[in-house]
Engineer: 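One structure, pasted below without further comment.
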Amino acid sequence: MAMITGGELVVRTLVQAGVTNVFGLHGAHLETLFQSCTKHGIRITDTRHEVAAGHAAEGYARAGRRLGVVMVTAGPGFTNVVTSIANAHLDQTPVLYLSGSAALRDAETNALQAGIDQVTIARPITKWAHQITKVEEIPRLVAHAIRIATSGPRGPVLLDLPIDVLISTVDENAAWVPATLAVDAPPAPNPKRVEEAMQLLVNAKRPVVMVGAGAWWSDAGEEFRLFVEAIGIPVFSDFQAHGLLPSNNPLYGGTFHKLADLAAADDRPDVVLALGVRFGLFTLGRSDRLVPVGARIIHVEEDASEIGRLRDVAVAIVADSRETLRAFNRAAPAYCWPDYSGWQATIQRARAGRRHRLSAALARSTPPIHPYQAVTAVIDHIDEDTIVIGDGAEAYHWLNEVIRQNRPGSYVTHGFLGAVGFGLGLSIGAQVAHPERRVLCLAGDGAIGFTLAEFDTLVRHRLPIVVVVMNNRSWGASQHFQEIVSGAGHLVGTRLGNAQYHEAAAAFGCHAQHVAEIAELGPALKAAFASGKPVCVDVAIDVGPIPPEIELLMSRQ
């Protein structure tokens with residue numbers, strides 16, 4: 001009989017689940033996992049800090065629409081990844097966190113990296129957390145964790161793996177690896193609710209679709225385009241759903257916050273199809289700034305707990321977004337749809353008006369660079385296949401003003417936790433998920449400082465990610481908040497020094513450049529992509545301007 005370790009059983013189950021990439025940082029507790037991954041051809045992208053490994057697994061999942069897997073050692077290895085677990089929990093990202101832990105026999109002995117209950121800490125911020133205590137149970141419980149993580153509503157799971165369980169051996173015939181690890185059975189909509197939705201939409205004068213991450217996770221792109229183009233309903237998007245309808249489509253109105261530009265009472269939506277959307281922060285909660293109080297809402301969401309959470313719903317459809325759109329596409333031809341061309345034109349005028357209000361920033365010819373100038377140049381110098389990562393409390397809001405996507409899942413940025421500093425981690429995961437595509441990370445100078453050493457990870461793993469640092473020597477969002485609340489003369493703990501981020505990146509082996517004038521940025525980006533290396537472009541920008549989205553959010557305070 002062949003005897004195999006618990007670590008080997010973990011990896012055999014991952015292989016059965018189709019896992020080809022994992023992220024992590026080595027620790028003695030994980031040695032059998034690392035060795036078995038190498039044996040089975042699973043690529044390990046090891047980072048300089050566990051938080052970056054966790055965020056990389058998130059980026060891999062979000063950009064690749066698949067399970068992310070991360071391995072961290074016990075004690076501080078686990079606690080370092082808690083922010084990532086919480087982030088994945090709030091954004092419903094399917095990530096399997098494998099944490100080493102002290103041997104079971106060492107309980108209550110003050111052993112190294114022991115003394116904390118990792119499962120109890122993780123339980124409130126995971127869909128499921130469990131400690132495996134028997135080597136024979138490993139395949140069953142790993143398979144169970146994967147099913148939980150990848151079934152709707154998706155989310156993170158944690159398996160705590162004591163070192164004595166991982167190094168224990170067992171007859172390979174005594175611990176079978178399940179053949180079925182994932183469940184692919186998306187829930188279909190109730191036909192009666194589909195009819196009610198059609199009736200609401202066909203009688204609407206100013207309908208819009210708000211499409212969110214749920215539609216991306218359900219792979220609803222083709223069905224979505226067929227539906228909105230056949231009927232002519234304008235679209236606003238958020239999260240990975242950017243690109244489900246290409247940005248150059250005349251029906252596209254922009255990100256969710258652009259709904260605020262429809263300020264006139266007669267120019268606001270009367271029916272909203274919220275497809276895969278969770279109401280809250282990115283819809284301004286109960287506020288009517290984006291969705292008017294009187295608007296009738298058709299809410300399609302796989303997670304029943306999200307329906308009616310903050311807004312009353314006229315039609316509730318607890319179902320998968322793609323299955324719902326398929327039902328809509330079957331039902332739509334039976335109805336006589338209005339001509340929405342006037343409404344479409346209203347939305348495009350609002351979109352053009354917003355660009356016009358910001359256009360003065362593009363005319364600035366002297367330093368410091370206006371942040372709107374910087375993000376415009378960035379978007380103008382990437383191809384449509386580039387995956388864009390946005391990181392930074394204000395940097396990504398500026399990016400939202402100009403982001404153009406023709407492929408969904410190509411813009412990955414902040415979620416409900418609002419965690420800054422995850423940009424390099426997300427970028428690593430996105431690049432590993434799509435090695436054939438370019439990845440650009442735009443980060444604020446505050447955000448990039450969280451995981452600066454990950455430039456070393458980019459170099460070691462030959463990940464040609466282009467990082468653009470929006471450097472205003474400040475925690476910009478906090479500084480602007482202080483200026484409004486306490487006055488410009490009362491800044492405390494919000495200013496940063498004159499750090500040279502490009503020089504730090506160069507020390508790790510990256511191609512690097514500093515940009516102080518807007519005329520230099522385009523050539524710098526061309527050189528960055530042409531280098532084929534990891535790149536840091538440090539851009540000196542003006543700290544004064546506030547992104548329009550931030551102004552909208554502050555107006556709620």
Engineer: Would a distance-only check, ignoring hydrogens and angles, find a side-chain to backbone donor-acceptor pair under 3.5 Å from K127 to S151?
Structural biologist: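 Present.
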Engineer: Can you establish whether the number of heavy atoms outside R462 located under 6.0 Å from its atom CZ is more than 12?
Structural biologist: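 No, because the 6.0 Å sphere around CZ of R462 holds 12 heavy atoms or fewer from other groups.
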Engineer: For R48 and A453, which heavy atoms make the closest approach, and how far apart are they?
Structural biologist: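 Scanning both residues completely, I find the closest heavy atoms to be CG-O, 3.5 Å.
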Engineer: Go through V10 and L159 one step at a time and tell me if the side-chain contact (heavy atoms from CB on, under 4.5 Å) criterion holds.
Structural biologist: CA-CA 10 Å; V10 172; L159 285 177; over 6 Å; no
Engineer: Do E31 and H26 have side-chain N/O donor and acceptor atoms under 3.5 Å apart?
Structural biologist: yes
Engineer: Is the terminal nitrogen or CZ of R65 (NZ for Lys, CZ for Arg) located under 6.0 angstrom from the six-membered ring centre of W216 and within 45° of that ring's axis?
Structural biologist: yes
Engineer: Can you list the residues that meet the salt bridge (Lys or Arg N to Asp or Glu O under 4.0 Å) rule with E306, with sequence neighbours excluded?
Structural biologist: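 Checked E306 against salt bridge (Lys or Arg N to Asp or Glu O under 4.0 Å); matches are R278, R309.
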Engineer: Is there a donor-acceptor contact under 3.5 Å linking the side chains of T255 and N400?
Structural biologist: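 No, no side-chain donor-acceptor contact under 3.5 Å.
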Engineer: Any chance you could measure E137, atom CD, to H144, atom NE2, to the nearest 0.5 Å?
Structural biologist: 11.5 Å
Engineer: With a 3.5 Å distance limit and no angle check, can you tell me whether S247 reaches the backbone of R404 through a side-chain donor-acceptor pair?
Structural biologist: no
Engineer: Would you say the side chains of T13 and R140 form a donor-acceptor pair under 3.5 Å?
Structural biologist: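 No.
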Engineer: In this structure, which one of V313, L275, L273 forms a side-chain contact (heavy atoms from CB on, under 4.5 Å) with H299?
Structural biologist: V313
Engineer: Side chains of S84 and Y97: donor-acceptor distance under 3.5 Å anywhere?
Structural biologist: yes
Engineer: Once you measure the plane-to-plane angle for F328 and F227, does it fall in the parallel (<30°), tilted (30-60°) or perpendicular (>60°) bin?
Structural biologist: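 If you compare the ring of F328 with that of F227, the planes turn out tilted.
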Engineer: I'd like to know if the side chain of R62 pairs up with that of Q240 as donor and acceptor (distance under 3.5 Å, no hydrogens or angles considered).
Structural biologist: yes
Engineer: Looking just at side-chain N and O atoms, do E503 and H514 make a donor-acceptor pair shorter than 3.5 Å?
Structural biologist: no
Engineer: Is there a donor-acceptor contact under 3.5 Å linking the side chains of T45 and H461?
Structural biologist: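 Per modelled atom types, T45 and H461 side chains form no pair under 3.5 Å.
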Engineer: Would you kindly say whether E8 and T5 are connected by a side-chain donor-acceptor distance under 3.5 Å?
Structural biologist: no
Engineer: Checking T73 against H29: is there a side-chain donor and acceptor pair closer than 3.5 Å?
Structural biologist: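 The criterion, which ignores hydrogens and geometry beyond distance, is satisfied for T73 and H29.
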Engineer: Given the ring of F529, does R438 sit roughly above its face, with NZ or CZ under 6.0 Å from the centre of the six-membered ring and within 45° of the axis?
Structural biologist: no
Engineer: Report yes or no: does E58 contribute a side-chain atom to a donor-acceptor pair with the main-chain N or O of D91 at less than 3.5 Å?
Structural biologist: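 Pair absent, no side-chain N/O of E58 close to backbone of D91.
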